[in-house]
Structures are given as structure tokens and as C-alpha cells.
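Structure, as C-alpha cells:
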Amino acid sequence: QNRTTTTTMKMKMNVDVGVGRWCCWMVGVVAAAAVVATMVLVPVAMVEGSSTPLKERIYTALDGNRGKNACTRLLSDDKVIGCSSPMKGAVGIIFRIASSQELNNFADASRDSYIPLVAQDMLADPNTWTTLAQYSKVKGAMVYSRNNTSRAPWSPEDVIPNKDYGLNGSTTEWNSVGGGYGQDSKEGLHSQDLGDRPIFYISPNDADVILQKLEANSQLLDVNPPFPLLSANLDSFMWAAADAETCLRRQFCDPLKSHNIYGTLQEYNTTQEVIMVTAQMDTSALFHDLSFGANADASGMIALLTAAKLLGLDENAGIRNETNKNIMFMLFNGESFGYIGSSKVAFQMKRRPASNFPSVAYPLSFDQVPFYVELGQLLTGDDNLNTFAHTSNAATSQINTVLTAAATQVGAPIGVVEQPGELPPASLRAILNAFRNNTKLNDFGGVFVSDHDNTAYTNNYYHSRLDDSENIGSSTNETVDKLCRISSTIARTLWSLSTGEDAATSTMPVTDADCDYVRELLYCINVDQTCDLVRNSIITTAGGVGPMSRYVGVNRFANSVTRTVGFFFNQLAANIAVAKNISFDSENPCKSTGNIPFYQKVQWNGNKVCYRTATFTHVALSPAFESYYKLKPLGPAVVDGGRDPRWSTWTESTWDELQGRVFLSDAPQSQLATVIGGLAYFLVVIAITYFLSTFLTYESHLLTED
């Protein structure tokens with residue numbers, strides 16, 4: 001009995017001691033964690049405005065870069081261009097470069113990682129990025145526009161745009177303000193593989209915040225100012241790698257894809273001759289969300305839509321007479337990246353054994369197209385309309401003759417100059433590339449109309465975000481009047497080519513274009529996409545206030561169009577509608593049948609107006625793709641078999657989230673000291689805990705029975 005009681009008490013005492021040691025350990029660990037947390041968080045908590053969430057007190061988000069305005073990565077079968085960031089983003093101290101002196105000073109900047117803040121006028125000089133790219137300490141860059149400074153000419157495009165696509169043999173350096181990169185300095189910045197160095201465009205508001213913080217922190221005066229220093233974190237990790245074929249197989253990229261838009265004044269039938277009038281819907285820029293293209297090529301697109309509206313007036317209904325040639329208006333998409341939309345149409349019209357455009361049941365071949373007129377840049381040159389053709393033949397001569405007569409009838413200072421030499425970058429090059437018979441190639445009646453001569457573009461901001469409203473004077477009466485006169489000239493030309501009438505004695509009832517419509521389109525496209533015309537047409541204003549970005553993008557769904565495509569589709573549909581303001585209700589809805597090429601109902605979703613029109617969309621996906629995630633093998637482009645090397649294979653990488661933020665970073669030594677100090681405190685507390693738990697004793701008495 002005594003032995004049993006004594007043993008029990010010893011066991012209880014051992015349990016008590018074990019619990020005591022465990023409690024000491026827990027107290028010690030909690031104390032250590034509290035010490036470290038105090039060292040890290042107390043300084044932050046002392047920052048003014050402690051009610052603000054901790055993350056927002058540490059970081060200032062760049063609101064203009066939430067999911068947009070970053071250089072992204074594109075891949076073709078043989079090339080990678082654009083930017084990415086490391087997976088966790090790029091981090092570096094902000095260093096302003098707004099002058100040549102600051103660029104030179106950067107060589108003496110001694111920290112390990114930098115994110116230069118580069119002024120736009122400095123980026124316009126290829127030497128700036130070429131110099132920065134040589135430094136391993138450059139982890140990325142931010143670009144901003146300085147206030148009250150003139151805009152230096154700049155284009156991130158090659159000097160020969162699209163030289164690897166469409167009809168071979170382009171040698172003229174059309175884009176004289178482009179280039180500056182590559183082995184021969186003929187490639188633009190947009191054509192470079194910039195690696196894991198993200199480049200963000202910073203909005204004016206964000207730029208002001210950053211510059212104010214830099215000034216307050218004395219980072220604008222000293223090359224190597226003391227810590228803490230304003231730094232940036234740019235996150236734009238791109239998943240795609242290697243080349244288009246590899247990333248497609250891994251499904252880490254998508255083919256550039258959208259929709260063309262086309263419509264005819266008459267219901268098309270296969271016995272008709274069809275005049276094709278085209279313009280480019282998309283454009284490009286280094287920052288794809290800022291692809292405005294006011295001159296290249298919104299100007300040509302506006303002229304096409306306005307001419308279509310003039311010919312579509314009830315007063316001009318005679319143009320729809322079946323004895324006249326039909327007129328097809330077409331807006332191509334994806335042209336900035338290898339003539340995607342026009343290549344697809346040309347391939348379908350020339351495929352063997354028969355065309356399947358616009359449909360299998362109602363095919364259209366180039367043998368039915370006596371005249372092809374394409375409208376390019378129209379607003380930065382003089383008052384002349386310059387025309388280009390691959391070869392001069394009877395059909396192109398007729399177009400030039402009629403165009404000249406029509407310009408004379410408009411009574412405005414518009415001249416028509418037939419330019420010798422090669423055909424500039426244009427969708428017409430993709431159309432001609434589809435011809436395999438040289439005789440038919442040379443006899444095709446294709447003419448390209450633009451504002452420049454045969455030496456170079458007059459647009460100093462081709463395929464840059466600076467090709468905007470300011471570049472063309474979008475709101476000025478001079479610009480509106482010029483584009484309105486051009487639209488009238490194009491409409492008169494088409495009337496004469498269709499009816500066979502002499503343009504000088506044309507019986508066209510209404511001959512003057514709607515200048516108010518031109519003004520409205522200029523405003524909606526180049527200034528504010530939330531304008532009344534857009535809201536009446538498609539309701540949604542998801543793009544926000546500002547100009548329309550018309551980068552082709554990606555679209556996995558054949559039956560879903562982007563809001564930009566939807567807007568232009570509705571404009572063309574209404575402009576050439578055979579009936580307007582059609583009554584409809586729930587039993588007889590305003591709904592498209594999709595039965596190509598017959599008239600269909602199209603509804604403007606904003607003001608609920610219904611139109612009867614022969615207007616349709618057409619998937620703009622390069623014929624180089626066998627399926628969405630698979631390229632055709634290189635080989636003869638017969639039927640669907642092989643891939644023409646002159647077709648576009650461009651794809652866009654997938655990414656998770658684009659974001660940028662700035663913050664104050666401490667010296668690396670201070671950061672290391674904080675970590676070491678916290679670790680030291682932690683170890684000391686652990687040691688004390690161990691000592692107490694090991695040498696702690698309990699005075700106990702054994703209980704025995706008398």
C-alpha cells in the first residue's frame with residue numbers, strides 16, 4: 001500500500017514538472033514571436049494615418065496600371081517580342097531619366113536594382129533604351145509624358161512595317177521615324193525581345209505622384225542619395241515561352257484573333273460583279289491598351305463609313321439597282337500583325353476547288369472583283385490623295401481617272417496623284433499574295449489611297465500611342481472638312497464605278513457627305529468612347545472615358561465580338577441599311593438570322609433602333625492556323641493543307657495580373673540588421689526558456705501512510 005501510494009505521487013509530480021516545462025517553452029516561443037513582431041510592425045504602426053490598412057501604408061498602387069498599360073509578350077513561329085517580368089515581379093529603385101545628362105548620370109548609380117522612370121521624349125531616342133539595356137542593374141522601366149513639352153517624333157514600329165507578310169519584295173523605308181534597333185537598326189522597339197524587363201506606361205496622375213515622392217525624398221538631385229529610397233514593383237509575368245508552336249501546344253498563348261466586318265449595298269448573288277472598298281480597323285502601339293491610331297488607320301475607316309452612309313441614303317437608292325455593280329464595304333482586323341484579316345479573306349476567296357467566302361453556298365472569287373479600293377492614312381499629309389498600285393493596268397487607270405474627276409466635282413483643293421514605285425504596307429499586299437497566276441496578279445484592279453507619297457509616311461507617330469487626337473487635330477474644323485471632302489470624293493468614285501457613269505456628269509442625287517457624322521466619329525474614336533453615338537449603338541462603356549484602343553487582341557469565341565468591333569459593325573449596318581426604324585416586338589423580334597448574304601435585322605442596343613441590312617462579321621484568324629491551338633505545317637497553301645510562310649503566326653502570351661506599385665525601401669544593410677536582430681532576440685528567448693525548463697525544480701513530499 002505504501003509503495004503504491006508513493007509511486008502514484010511520483011508519477012503526479014513528474015507530470016507536473018513536464019507540464020511546467022511545456023508551459024515555459026510555449027511562453028518563451030510566444031515571447032520571441034512578440035519581440036520580432038514588435039520590431040517589424042511597431043515602426044509601421046507609427047506611420048501617420050494608422051487607420052489605413054497596413055498594405056496601403058506600405059505601398060502606393062499605380063492605378064493606371066491595374067490590368068493594363070504594360071508591354072506584353074507576343075510570339076510567332078520564329079520570333080519573340082515584347083516584355084515580361086520575373087514571376088514575382090521586378091523590383092528596383094526609381095531613377096528618373098528625363099535628359100541626356102540624367103542618362104549619363106545613371107552610369108554612376110551604385111545600387112544593385114533600378115526601375116528607371118523614362119520621359120517619353122527620351123524614349124523616342126533609341127540610344128536611351130539601348131544604353132539602359134546594357135546594365136544588369138536595370139530590372140524594368142516606367143515611361144511617362146512630361147508636361148508642357150513638345151512631342152518628339154517616335155514610332156516603335158519597323159522602318160518597313162509588315163515586311164515579312166503579304167506580297168514579297170518591299171524595300172522602301174516607309175516609316176522613317178521608326179527603327180533604331182536590331183542588327184541593321186531597321187527594327188522598332190516593339191519588335192524587340194525585351195526579356196524579363198517589364199515596361200509600364202505611367203498615367204499622368206501616377207507620374208505626378210511618383211515625381212512628388214521623388215522630389216520629397218531628394219532622389220531627383222543626387223545620383224546616389226541615402227536610404228530610404230522610393231522603389232517600384234512591376235508585375236507582368238508572361239507564361240508563354242519558346243515560340244508560337246510550343247506555347248500553343250502548352251496553351252500558354254492564344255492566336256491573335258478578332259472579327260472582320262463587311263456589308264453590301266445589295267444582297268449579294270454569285271452572278272454579280274462586286275467592288276471591294278476596304279480599310280483597316282485595328283492599329284498597334286508598344287502598349288497595346290494605348291493603340292489609338294488616329295491617322296493609322298482610323299482616318300481611312302472613318303472615310304469608308306462616311307462614304308457608305310452617303311451611298312446608303314434613301315435618296316441614293318438607285319445605287320442598289322441590280323444592273324449596277326454591287327459594292328462591298330469591308331473593315332479588316334489584325335492587319336498590324338501580318339495582315340491577319342485580309343489574309344483570311346484572300347485565302348478563302350482563292351482556295352481550291354472553290355471559294356467559301358462569304359459562304360459556301362454563295363462564294364465570291366476575285367474574278368468577280370473588277371475594282372478594289374483601299375483607304376489608308378489620310379490626315380497628316382497635304383491635300384493630295386496619293387494612289388498606289390502593284391502594277392498599272394486598265395482597271396487601276398480607270399479608278400484613278402474616276403477618282404480624279406470625282407475630286408474635281410467636290411470642288412475642294414483635293415488633288416489625285418498616281419505614285420510610281422512599290423505598293424506601301426497595305427491589306428492589298430495580302431490580297432495579291434493569294435494570287436498564283438502572275439497574269440491575274442498584274443491585271444488585278446487594286447488601288448491603295450493614302451496621304452503620303454512614294455518616299456515615306458507623313459505620320460510622325462505611326463503605330464505609337466502618340467498617333468492620337470492631337471496628332472490629327474481631331475476637333476478642328478480643318479480636319480473635319482478635309483475628311484468630309486475625302487469621303488464625298490470616295491462616294492462619288494464608287495457611284496461612277498458601280499453605275500458606269502462619268503464622274504464629271506454623274507446623276508448621283510446627294511453628293512455631299514455628312515460632316516457632322518465625320519465630326520462625331522472623330523470625337524468618339526479619338527477623344528471619348530463614352531459619347532452618345534457609342535452609347536446609342538452598344539450601350540456598354542466598359543472601356544471608360546478616353547479614346548478607343550483598337551489592338552486586335554485575342555478572342556476564343558467565334559460568335560462573340562468585342563465592344564469595339566460591335567460599335568463599328570453597328571455603324572456600317574445602319575449606314576447601308578435598306579430599311580431603318582423597323583418595328584419589332586416580342587413576337588417579331590429584331591434579331592439576326594445569320595443567313596449570309598441575305599438581309600438581316602440588326603438592332604442598336606442603346607436606342608433600340610432596328611435596321612434591315614446585309615452586314616456581317618467574319619472571323620479574322622490567320623489561315624496559318626489549322627485549329628485554335630495548332631499551326632498548319634509549312635507547305636503549299638492549297639485548300640487547307642499547308643502554311644504559306646507569308647501568313648501571320650502571331651500569338652499573345654497569357655498572364656495572371658498586371659499591376660504596379662511604389663514604396664520606400666530601406667538599405668539592404670538595415671534590412672539585414674533587422675532580420676539578424678530579430679533572430680538574435682528569438683534565440684536569446686529560446687535559450688532562456690530552455691534554461692528555465694531544464695533547471696526548474698519542484699519541492700514535493702512523498703505521501704506515506706503511518
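Please read these numbers as outputs of a predicted model, since none were measured by experiment. These numbers come from the heavy atoms of this one structure, side chains and all, not from hydrogens, waters or symmetry mates.
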Determine, step by step, whether Val143 and Phe200 satisfy the side-chain contact (heavy atoms from CB on, under 4.5 Å) criterion, reporting the C-alpha distance in whole Å, the side-chain angles of both residues, the deciding distance to 0.1 Å, and the verdict. CA-CA 6 Å; Val143 179; Phe200 281 39; over 6 Å; no

All side chain to side chain donor-acceptor pair (under 3.5 Å) counterparts of Thr479, not counting sequence neighbours: Thr476

Please list all pairs meeting salt bridge (Lys or Arg N to Asp or Glu O under 4.0 Å) that have one or both residues in residues 207-230, counting only residues at least two apart or in different chains. none

Using distance alone, with no hydrogens and no angle criterion, decide if Asn526 and Ser469 have a side-chain donor and acceptor under 3.5 Å apart. no

Scan side-chain atoms only and decide if Arg250 and Thr654 contain a donor-acceptor pair under the 3.5 Å cut-off. no

Give every residue pair that meets the salt bridge (Lys or Arg N to Asp or Glu O under 4.0 Å) criterion with at least one member in residues 120-133, sequence neighbours excluded. Asp121-Arg146

Test your reading of the model: is there a side-chain donor-acceptor pair from Lys137 to the backbone of Ala109, 3.5 Å cut-off? yes

Restricting to salt bridge (Lys or Arg N to Asp or Glu O under 4.0 Å), what partner residues turn up for Arg66, sequence neighbours left out? Asp63

Tell me which pairs pass side chain to side chain donor-acceptor pair (under 3.5 Å) where either residue lies in residues 235-244, with sequence neighbours left out. Trp239-Asp656, Asp243-Thr246

Do side-chain atoms of Asn104 reach the backbone of Ser100 as a donor and acceptor pair under 3.5 angstrom? yes

Side chain to side chain donor-acceptor pair (under 3.5 Å) against Asn454, all qualifying residues, sequence neighbours excluded: none

With sequence neighbours left out, the residues meeting side-chain contact (heavy atoms from CB on, under 4.5 Å) with Arg151 are Tyr461, Leu466, Asp468, Glu470, Asn471

Testing the basics here: between Trp655 and Phe237, what is the closest heavy-atom pair and its distance to 0.1 Å? CB-O, 3.2 Å

For Phe227 and Asp666, the nearest pair of non-hydrogen atoms, with its separation, is CD2-C, 3.4 Å

Donor-acceptor pair, Gln280 side chain versus Asp282 backbone, under 3.5 Å? yes

Taking all heavy atoms of Tyr181 and all of Leu189, pick out the closest pair and write down the distance. CD1-N, 3.5 Å

If the condition is side chain to side chain donor-acceptor pair (under 3.5 Å), which residues does Ser464 pass it with, not counting sequence neighbours? none

Working for side-chain contact (heavy atoms from CB on, under 4.5 Å), residues Thr651 and Asp254: CA-CA 5 Å; Thr651 64; Asp254 296 276; over 6 Å; no

Across all chains, not counting sequence neighbours, the ring-ring contact (aromatic ring centres under 6.0 Å, His included) partners of Tyr462 are Tyr457

Between the side chains of Asp289 and Ser549, does any donor sit under 3.5 Å from an acceptor? no

So which of Leu229, Val209, Ile94, Leu221 actually passes side-chain contact (heavy atoms from CB on, under 4.5 Å) with Leu214? Ile94

Quiz question: by atom type and distance under 3.5 Å, do the side chains of Gln219 and Arg96 form a donor-acceptor pair? no

With sequence neighbours excluded, what pairs up with Asn205 under the side chain to side chain donor-acceptor pair (under 3.5 Å) test? none

Measure from the side-chain N and O atoms of Asp196 to the backbone N and O of Pro86, and report whether any donor-acceptor pair falls under 3.5 Å. no

Working for side-chain contact (heavy atoms from CB on, under 4.5 Å), residues Thr128 and Val118: CA-CA 9 Å; Thr128 299; Val118 184; 4.0 Å; yes

Check the pair Asp532 / Tyr523 against side-chain contact (heavy atoms from CB on, under 4.5 Å), numbers first and verdict last. CA-CA 10 Å; Asp532 289 342; Tyr523 180 79; over 6 Å; no

Distance-minimising heavy-atom pair for Trp174 and Pro425: CD1-CD, 3.3 Å

Is a side-chain N or O of Arg73 found less than 3.5 angstrom from the main chain of Gly195, in a donor-acceptor match? yes

Taking atom types as modelled and ignoring hydrogens, do the side chains of Ser427 and Glu335 form a donor-acceptor contact shorter than 3.5 angstrom? yes

Can you confirm whether or not the ring centre of Phe106 sits under 6.0 Å from the ring centre of Tyr114? yes

Arg535 side-chain N/O to Thr530 backbone N/O, donor-acceptor pair under 3.5 Å: yes

For residues 103-114, the salt bridge (Lys or Arg N to Asp or Glu O under 4.0 Å) pairs (sequence neighbours left out) are none

Taking Ser76 for its side chain and Trp650 for its backbone only, find out whether a donor-acceptor pair lies under 3.5 Å. no

Ion pair check, Lys79 and Glu187, cut-off under 4.0 Å: yes

Donor-acceptor pairs under 3.5 angstrom involving side-chain atoms of residues 291-302: please list them, not counting sequence neighbours.
from, atom 1, to, atom 2, distance (Å)
Ser291, OG, Ala285, N, 3.3
Ser291, OG, His288, O, 2.9
Asn295, OD1, Ser299, OG, 3.2
Asn295, OD1, Leu378, N, 3.3
Asn295, OD1, Leu379, N, 2.9
Asn295, ND2, Gln377, OE1, 3.3
Asn295, ND2, Thr380, OG1, 3.0
Asn295, ND2, Asp451, OD2, 3.3
Asp297, OD1, Gln377, N, 3.4
Ser299, OG, Asn295, O, 2.8
Ser299, OG, Leu378, N, 3.1

Donor-acceptor contact present, side-chain Arg197 to main-chain Ala133, <3.5 Å: yes

Distance alone, cut at 3.5 Å: any donor-acceptor contact between the side chains of Ser155 and Asn175? yes

Under 3.5 Å donor-acceptor, Lys257 side chain and Asn555 backbone: yes

Show the nearest heavy-atom pair for residues Leu230 and Leu664, with the distance to one decimal. N-CD2, 3.7 Å

Between the OG atom in Ser622 and the OH atom in Tyr165, the distance rounded to the nearest 0.5 Å is 9.0 Å

Non-hydrogen atoms of Cys253 and Ala240 that approach each other most closely: CB-CB, 4.2 Å

Side chains of Ser284 and Ser336: donor-acceptor distance under 3.5 Å anywhere? no

Separation of Ser185 OG from Asp158 CG (nearest 0.5 Å): 11.5 Å

